[in-house]
Amino acid sequence: EPVFKEKIWGGDKLQKLYQDAPKGRIGEAWLYSAHQNGHSLVTNGEFKGKSLEELWANHRELFGHMPGEKFPLLIKIIDAGDDLSVQVHPDDSYAKTHENGELGKTECWYVLDCSEKSEIIYGINAKNQEELNEMIDQGQWKRLLRSVPIKPGDFIYVPSGTVHALKKGALILEVQQNSDTTYRLYDYDRKDDEGNLRELHIEKSKDVVSLPFVNNQAQPIIENLKDGTKSTLIKSEYFTVEKYVINGKCKIKNNQFFTLVNVVGGRGDLQVEDEVYTLSQGDFFMLSALAEDYSFKGQLDIIESHVEFP
Ligand code: ZN
(Lines give C-alpha, C1' and ligand atoms only; values in the text may rest on other atoms or scores of the structure.)
Protein backbone atom coordinates (compact mmCIF):
# COMPACT_ATOMS: atom_id res chain seq x y z
CA GLU A 1 0.00 0.00 0.00
CA PRO A 2 1.64 3.24 -1.03
CA VAL A 3 2.19 6.27 1.18
CA PHE A 4 1.10 9.43 -0.62
CA LYS A 5 2.88 12.75 -0.10
CA GLU A 6 1.40 16.12 -0.91
CA LYS A 7 3.97 18.52 -2.38
CA ILE A 8 3.98 22.15 -3.46
CA TRP A 9 5.03 20.94 -6.94
CA GLY A 10 2.76 17.82 -7.06
CA GLY A 11 0.31 17.00 -9.87
CA ASP A 12 -2.76 14.83 -10.52
CA LYS A 13 -1.31 11.79 -12.30
CA LEU A 14 -0.95 9.62 -9.19
CA GLN A 15 -4.71 9.77 -8.63
CA LYS A 16 -5.14 8.28 -12.10
CA LEU A 17 -2.71 5.47 -11.33
CA TYR A 18 -3.95 4.75 -7.78
CA GLN A 19 -7.66 5.19 -7.05
CA ASP A 20 -7.14 5.47 -3.29
CA ALA A 21 -4.74 8.41 -3.63
CA PRO A 22 -6.03 11.46 -1.75
CA LYS A 23 -7.10 14.64 -3.54
CA GLY A 24 -4.70 17.55 -3.80
CA ARG A 25 -1.28 18.09 -5.28
CA ILE A 26 0.16 14.63 -4.71
CA GLY A 27 3.83 14.66 -5.63
CA GLU A 28 5.01 11.27 -4.46
CA ALA A 29 3.73 7.76 -3.84
CA TRP A 30 6.21 5.80 -1.71
CA LEU A 31 5.58 2.28 -2.95
CA TYR A 32 8.17 0.37 -0.99
CA SER A 33 9.26 2.18 2.12
CA ALA A 34 10.61 1.11 5.48
CA HIS A 35 11.63 4.70 6.25
CA GLN A 36 10.30 6.42 9.37
CA ASN A 37 8.81 9.21 7.23
CA GLY A 38 6.32 6.84 5.60
CA HIS A 39 5.77 3.12 6.03
CA SER A 40 4.29 1.07 3.22
CA LEU A 41 2.04 -1.80 4.30
CA VAL A 42 1.33 -5.27 2.96
CA THR A 43 -2.07 -5.38 1.25
CA ASN A 44 -2.89 -9.07 1.31
CA GLY A 45 -1.95 -12.56 2.41
CA GLU A 46 -0.42 -13.81 5.63
CA PHE A 47 1.26 -10.50 6.49
CA LYS A 48 -1.63 -8.19 5.55
CA GLY A 49 -1.44 -4.87 7.41
CA LYS A 50 2.16 -5.31 8.51
CA SER A 51 4.70 -2.70 7.48
CA LEU A 52 7.75 -3.45 5.39
CA GLU A 53 9.83 -2.39 8.37
CA GLU A 54 8.12 -4.95 10.64
CA LEU A 55 8.79 -7.68 8.09
CA TRP A 56 12.43 -6.59 7.86
CA ALA A 57 12.75 -6.59 11.67
CA ASN A 58 10.91 -9.83 12.44
CA HIS A 59 10.85 -11.97 9.31
CA ARG A 60 14.31 -11.73 7.87
CA GLU A 61 13.78 -15.15 6.26
CA LEU A 62 11.64 -13.33 3.64
CA PHE A 63 14.78 -11.41 2.69
CA GLY A 64 17.08 -14.45 2.56
CA HIS A 65 18.55 -13.47 5.97
CA MET A 66 20.24 -10.52 4.33
CA PRO A 67 22.38 -8.68 6.90
CA GLY A 68 21.87 -4.96 7.69
CA GLU A 69 20.16 -2.69 10.16
CA LYS A 70 17.93 -0.95 7.63
CA PHE A 71 15.98 -2.21 4.66
CA PRO A 72 18.22 -0.89 1.88
CA LEU A 73 15.84 0.53 -0.75
CA LEU A 74 13.01 2.99 -1.16
CA ILE A 75 10.98 3.14 -4.38
CA LYS A 76 8.65 5.99 -5.28
CA ILE A 77 6.66 7.33 -8.16
CA ILE A 78 7.13 11.08 -8.51
CA ASP A 79 4.66 13.27 -10.38
CA ALA A 80 6.27 16.59 -11.21
CA GLY A 81 3.22 18.82 -11.72
CA ASP A 82 5.73 21.66 -11.53
CA ASP A 83 9.53 21.98 -11.34
CA LEU A 84 11.13 20.38 -8.26
CA SER A 85 13.78 22.24 -6.34
CA VAL A 86 17.37 21.97 -7.54
CA GLN A 87 18.95 19.62 -5.03
CA VAL A 88 21.79 17.33 -4.11
CA HIS A 89 22.06 14.38 -1.72
CA PRO A 90 24.95 13.41 0.57
CA ASP A 91 26.79 10.08 0.43
CA ASP A 92 26.72 7.53 3.27
CA SER A 93 29.63 8.92 5.25
CA TYR A 94 28.47 12.58 5.13
CA ALA A 95 24.88 11.62 6.03
CA LYS A 96 26.04 9.43 8.90
CA THR A 97 27.94 12.32 10.54
CA HIS A 98 25.66 15.23 9.65
CA GLU A 99 22.19 13.65 9.51
CA ASN A 100 21.93 11.48 12.57
CA GLY A 101 22.91 8.15 11.08
CA GLU A 102 20.78 8.48 7.93
CA LEU A 103 22.00 6.70 4.82
CA GLY A 104 23.28 8.66 1.85
CA LYS A 105 21.09 8.89 -1.18
CA THR A 106 22.09 7.57 -4.55
CA GLU A 107 19.03 7.33 -6.75
CA CYS A 108 17.96 6.55 -10.29
CA TRP A 109 15.01 7.43 -12.46
CA TYR A 110 12.99 5.54 -15.01
CA VAL A 111 10.86 7.97 -17.03
CA LEU A 112 7.30 6.58 -17.06
CA ASP A 113 5.87 9.55 -18.90
CA CYS A 114 6.69 13.15 -19.70
CA SER A 115 5.49 15.98 -21.86
CA GLU A 116 7.15 16.79 -25.16
CA LYS A 117 10.38 18.73 -24.79
CA SER A 118 10.68 17.69 -21.13
CA GLU A 119 13.99 18.34 -19.47
CA ILE A 120 15.75 17.57 -16.24
CA ILE A 121 18.60 19.30 -14.51
CA TYR A 122 21.52 16.92 -14.27
CA GLY A 123 24.99 18.06 -13.22
CA ILE A 124 26.78 21.38 -13.17
CA ASN A 125 29.19 23.41 -15.25
CA ALA A 126 31.46 24.59 -12.40
CA LYS A 127 34.93 23.07 -12.69
CA ASN A 128 36.06 23.43 -9.10
CA GLN A 129 34.86 24.40 -5.63
CA GLU A 130 35.75 28.06 -6.05
CA GLU A 131 33.73 28.39 -9.26
CA LEU A 132 30.84 26.47 -7.70
CA ASN A 133 30.73 28.71 -4.63
CA GLU A 134 30.90 31.83 -6.79
CA MET A 135 28.08 30.80 -9.12
CA ILE A 136 25.88 29.80 -6.18
CA ASP A 137 26.57 32.97 -4.21
CA GLN A 138 25.86 35.14 -7.24
CA GLY A 139 22.76 33.14 -8.21
CA GLN A 140 24.10 32.34 -11.68
CA TRP A 141 21.77 29.36 -12.02
CA LYS A 142 21.52 29.34 -15.82
CA ARG A 143 25.30 29.24 -16.10
CA LEU A 144 25.73 26.66 -13.35
CA LEU A 145 23.08 24.06 -14.16
CA ARG A 146 23.10 21.56 -17.01
CA SER A 147 19.74 20.83 -18.68
CA VAL A 148 19.23 17.47 -20.38
CA PRO A 149 16.23 16.42 -22.53
CA ILE A 150 14.25 13.31 -21.49
CA LYS A 151 11.65 11.04 -23.08
CA PRO A 152 9.51 8.14 -21.82
CA GLY A 153 11.58 4.99 -21.23
CA ASP A 154 14.79 6.89 -20.43
CA PHE A 155 16.85 5.79 -17.46
CA ILE A 156 19.05 8.18 -15.48
CA TYR A 157 21.51 7.25 -12.75
CA VAL A 158 21.93 9.95 -10.09
CA PRO A 159 24.80 9.18 -7.69
CA SER A 160 24.98 11.12 -4.42
CA GLY A 161 26.77 14.43 -4.99
CA THR A 162 25.07 15.05 -8.36
CA VAL A 163 23.08 18.30 -8.57
CA HIS A 164 19.70 17.43 -10.10
CA ALA A 165 16.06 18.38 -10.49
CA LEU A 166 13.00 16.97 -12.14
CA LYS A 167 11.06 19.49 -14.13
CA LYS A 168 7.39 20.01 -14.85
CA GLY A 169 5.60 17.21 -16.70
CA ALA A 170 7.74 14.24 -15.69
CA LEU A 171 6.29 11.07 -14.13
CA ILE A 172 9.18 9.08 -12.74
CA LEU A 173 9.77 5.75 -11.05
CA GLU A 174 12.59 6.39 -8.60
CA VAL A 175 14.70 3.65 -7.05
CA GLN A 176 16.91 4.97 -4.27
CA GLN A 177 18.74 4.19 -1.07
CA ASN A 178 16.52 4.19 2.02
CA SER A 179 17.06 7.84 2.89
CA ASP A 180 15.06 11.06 3.03
CA THR A 181 17.92 13.56 3.13
CA THR A 182 17.77 16.30 0.53
CA TYR A 183 19.81 19.50 0.38
CA ARG A 184 17.92 22.18 -1.50
CA LEU A 185 20.21 24.43 -3.46
CA TYR A 186 17.70 26.56 -5.36
CA ASP A 187 13.90 26.66 -5.30
CA TYR A 188 13.13 29.23 -8.02
CA ASP A 189 12.26 31.70 -5.19
CA ARG A 190 8.90 29.94 -4.92
CA LYS A 191 6.54 30.56 -2.01
CA ASP A 192 4.23 27.99 -0.41
CA ASP A 193 0.51 28.53 0.32
CA GLU A 194 1.40 30.54 3.44
CA GLY A 195 3.73 32.77 1.45
CA ASN A 196 6.92 31.28 2.87
CA LEU A 197 10.03 30.34 0.97
CA ARG A 198 11.14 26.76 1.51
CA GLU A 199 14.33 26.26 3.45
CA LEU A 200 17.57 26.05 1.46
CA HIS A 201 20.72 24.17 2.51
CA ILE A 202 23.44 26.12 0.71
CA GLU A 203 26.44 25.27 2.90
CA LYS A 204 25.69 21.54 3.05
CA SER A 205 25.08 21.53 -0.70
CA LYS A 206 28.47 23.13 -1.33
CA ASP A 207 30.02 20.47 0.92
CA VAL A 208 28.60 17.45 -0.86
CA VAL A 209 28.58 18.36 -4.59
CA SER A 210 30.97 16.07 -6.50
CA LEU A 211 33.52 18.09 -8.46
CA PRO A 212 34.18 18.15 -11.31
CA PHE A 213 30.89 16.80 -12.65
CA VAL A 214 31.25 13.42 -14.37
CA ASN A 215 28.42 11.99 -16.42
CA ASN A 216 27.87 8.54 -14.92
CA GLN A 217 25.28 7.21 -17.36
CA ALA A 218 25.82 3.56 -18.18
CA GLN A 219 24.71 1.89 -21.41
CA PRO A 220 22.11 -0.80 -20.65
CA ILE A 221 23.20 -4.40 -21.18
CA ILE A 222 20.51 -6.11 -23.25
CA GLU A 223 19.83 -9.86 -23.29
CA ASN A 224 17.40 -11.51 -25.66
CA LEU A 225 14.89 -13.87 -24.05
CA LYS A 226 12.63 -16.36 -25.81
CA ASP A 227 9.66 -13.98 -25.62
CA GLY A 228 11.21 -10.59 -24.97
CA THR A 229 14.25 -8.77 -23.67
CA LYS A 230 15.94 -8.13 -20.37
CA SER A 231 17.97 -4.91 -19.98
CA THR A 232 20.25 -4.31 -17.04
CA LEU A 233 19.84 -0.55 -16.57
CA ILE A 234 22.25 -0.22 -13.66
CA LYS A 235 24.26 -2.51 -11.45
CA SER A 236 25.76 -0.41 -8.64
CA GLU A 237 26.88 -1.03 -5.08
CA TYR A 238 23.47 0.24 -3.88
CA PHE A 239 21.02 -1.39 -6.26
CA THR A 240 20.57 -3.28 -9.50
CA VAL A 241 17.69 -2.27 -11.75
CA GLU A 242 16.52 -4.39 -14.67
CA LYS A 243 13.81 -3.93 -17.25
CA TYR A 244 11.89 -6.82 -18.82
CA VAL A 245 9.87 -6.31 -21.97
CA ILE A 246 7.75 -9.45 -22.33
CA ASN A 247 5.51 -10.50 -25.17
CA GLY A 248 4.57 -14.09 -24.41
CA LYS A 249 5.91 -16.02 -21.46
CA CYS A 250 9.00 -15.56 -19.35
CA LYS A 251 10.13 -17.77 -16.47
CA ILE A 252 12.64 -16.25 -14.04
CA LYS A 253 14.74 -17.96 -11.42
CA ASN A 254 14.59 -15.99 -8.16
CA ASN A 255 18.06 -16.02 -6.64
CA GLN A 256 17.97 -12.63 -4.89
CA PHE A 257 17.52 -11.63 -1.25
CA PHE A 258 14.29 -10.03 -2.45
CA THR A 259 12.99 -8.58 -5.70
CA LEU A 260 10.89 -5.41 -5.91
CA VAL A 261 8.72 -5.49 -9.01
CA ASN A 262 7.02 -2.55 -10.71
CA VAL A 263 4.67 -3.02 -13.65
CA VAL A 264 5.35 0.02 -15.84
CA GLY A 265 3.28 -0.96 -18.86
CA GLY A 266 1.01 -3.57 -20.45
CA ARG A 267 -1.15 -6.33 -19.01
CA GLY A 268 -0.63 -9.92 -18.06
CA ASP A 269 -0.23 -12.44 -15.27
CA LEU A 270 2.28 -13.34 -12.64
CA GLN A 271 2.54 -16.96 -11.56
CA VAL A 272 4.38 -18.00 -8.38
CA GLU A 273 4.05 -21.72 -7.70
CA ASP A 274 0.29 -22.34 -8.07
CA GLU A 275 -0.79 -18.76 -7.39
CA VAL A 276 -1.74 -16.51 -10.30
CA TYR A 277 -2.14 -12.73 -10.10
CA THR A 278 -3.39 -10.34 -12.77
CA LEU A 279 -1.04 -7.44 -13.50
CA SER A 280 -1.48 -4.05 -15.06
CA GLN A 281 0.35 -0.73 -15.11
CA GLY A 282 0.97 0.70 -11.63
CA ASP A 283 0.93 -2.69 -9.86
CA PHE A 284 3.86 -3.48 -7.62
CA PHE A 285 4.88 -6.29 -5.30
CA MET A 286 7.81 -7.84 -3.54
CA LEU A 287 8.97 -11.36 -4.32
CA SER A 288 10.47 -12.76 -1.16
CA ALA A 289 13.51 -15.01 -0.98
CA LEU A 290 11.07 -17.90 -0.44
CA ALA A 291 9.69 -17.69 -3.98
CA GLU A 292 11.96 -20.02 -5.96
CA ASP A 293 10.91 -19.04 -9.41
CA TYR A 294 8.13 -17.07 -11.03
CA SER A 295 6.81 -16.37 -14.47
CA PHE A 296 5.22 -13.49 -16.33
CA LYS A 297 2.74 -14.02 -19.12
CA GLY A 298 1.24 -11.48 -21.47
CA GLN A 299 2.44 -8.19 -22.81
CA LEU A 300 4.28 -6.54 -19.96
CA ASP A 301 6.95 -3.94 -19.23
CA ILE A 302 8.46 -4.65 -15.84
CA ILE A 303 11.11 -2.92 -13.76
CA GLU A 304 12.79 -5.13 -11.15
CA SER A 305 15.07 -3.83 -8.39
CA HIS A 306 17.25 -5.73 -5.96
CA VAL A 307 20.55 -5.48 -4.14
CA GLU A 308 23.55 -7.66 -4.90
CA PHE A 309 25.10 -10.04 -2.40
CA PRO A 310 27.88 -8.24 -0.52
ZN1 ZN B 1 16.88 13.63 -5.54
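Remember, it's 1-based here, ligands and their atoms both numbered in the order they're listed.
Figure legend: Arg60 and Trp56 shown as a cation-pi pair, the cationic atom lying under 6.0 angstrom from the six-membered ring centre and within 45 degrees of its axis.
Among the atoms of Glu174, none of the N, O or S atoms falls under 2.8 Å from the Zn ion (ligand 1).
With respect to the Zn ion (ligand 1), His89 has NE2 as its nearest N, O or S atom.
Around the Zn ion (ligand 1), the angle linking His164 (NE2) with Glu107 (OE2) is 80°, rounded to 10 degrees.
Here Ile221 is tied to no hydrophobic group at all, with no ILVMFWY side chain closer than 4.5 Å. Chaining together hydrophobic side chains whose heavy atoms lie under 4.5 Å apart places Tyr294 alongside Leu225, Tyr244, Ile246, Ile252, Val261, Val263, Leu270, Val272, Tyr277, Leu279, Phe285, Leu287, Phe296, Leu300, Ile302.
The distance between the ring centers of Phe257 and His306 does not fall below 6.0 angstrom.
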